[in-house]
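Residue numbers begin at 1 in each chain, while the letters A, B, ... track the order of the sequences. We use all heavy atoms of the structure for the numbers below, so side chains are in, but hydrogens, waters and symmetry mates are not.
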Amino acid sequence: EVQVVESGGGLVQPGGSLRLSCAASGLTFSTYWMSWVRQAPGKGLEWVANIKQDGSEENYVDSVKGRFTISRDNSKNSLYLQMNSLRAEDTAVYYCAREIGSSTRGAWWFWFDPWGQGTLVTVSS
Amino acid sequence: DIQMTQSPSSLSASVGDRVTITCRASQSISTYLNWYQQKPGKAPKLLIYAASSLQSGVPSRFSGSGSGTDFTLTISSLQPEDFGTYYCQQSHIVPRTFGQGTKVEIK
């Protein structure tokens with residue numbers, strides 16, 4: 001069974017830092033893009049960042065650029081999100097998700113599956 | 001960024017009803033569109049990918065259609081376990097973006 005499990009959430013003061021981890025199992029981790037998606041309390045889903053299979057490409061939503069860094073360690077089947085300069089608006093449940101890709105005639109389709117159970121990050125003084 | 005707009009924001013329907021949720025993209029995204037179901041306190045679950053492909057293990061009463069800018073998720077016969085919030089998501093470009101969600105309640 002493919003599984004991803006997040007950890008590392010908690011309470012942090014504004015301006016502080018936190019590092020989230022995501023442990024993957026049941027899949028060949030190094031062959032997939034991976035993403036972080038967050039959900040503020042009572043709100044919808046917001047994609048945060050993704051990273052290519054070999055770590056050579058990263059993408060971020062504008063609101064976290066320069067503050068968050070996504071990384072991976074394929075030898076440990078693990079994904080990370082380093083969050084610096086945290087703000088109250090970063091308070092959310094953070095989900096790790098595998099991006100499955102499928103190609104037809106050079107075009108690529110991607111979707112998120114599975115998702116982890118999420119880890120709560122609370123930014124508050 | 002591509003904006004995704006769902007309608008309605010919420011709905012209440014009876015068991016056995018046919019339910020339709022609409023998702024509109026701010027620009028053409030071909031069929032790069034996925035649908036997820038989220039139940040309270042749980043992670044989202046993939047239902048439909050590439051606009052119309054049913055994820056393995058998802059009941060056949062769920063179906064997706066559309067291309068370009070307009071998409072539809074249909075539940076052919078609503079069941080009690082189908083309550084929750086449904087999200088569309090585009091994968092045409094980054095940043096990946098989601099619709100605001102449609103909350104489905106059972107009457």
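Between the side chains of B/Gln37 and B/Tyr86, at least one donor N or O sits under 3.5 Å from an acceptor N or O.
Looking only at heavy-atom pairs under 4.5 Å with chain A, the residue among B/Pro44, B/Gly99, B/Gly101 that has the most is B/Pro44. The greatest number of non-hydrogen atom pairs below 4.5 Å with chain A, out of B/Thr31, B/Thr85, B/Leu33, is found for B/Thr31.
A/Ala107 touches chain B through backbone and side chain together, each having a heavy atom under 4.5 Å away. Only the side chain of A/Tyr95 comes within contact range of chain B, with heavy atoms under 4.5 Å apart. Only the side chain of B/Tyr87 comes within less than 4.5 Å of a heavy atom in chain A; its backbone stays farther off. Contacts of A/Val48 with chain B are absent, with no heavy-atom separation under 4.5 Å from either backbone or side chain.
The residues A/Asp90 and A/Arg38 are annotated as salt-bridged, a charged nitrogen and a carboxylate oxygen being separated by less than 4.0 angstrom. A salt bridge between A/Asp113 and B/Lys45 is absent, with no side-chain N of the basic residue lying under 4.0 Å from a carboxylate O of the acidic one. In this structure, A/Glu99 pairs ionically with B/Arg96, as a charged nitrogen and a carboxylate oxygen lie closer than 4.0 Å.
Note: B/Gln89 CD to B/Leu46 CG = 9.0 Å, rounded to the nearest 0.5 Å.
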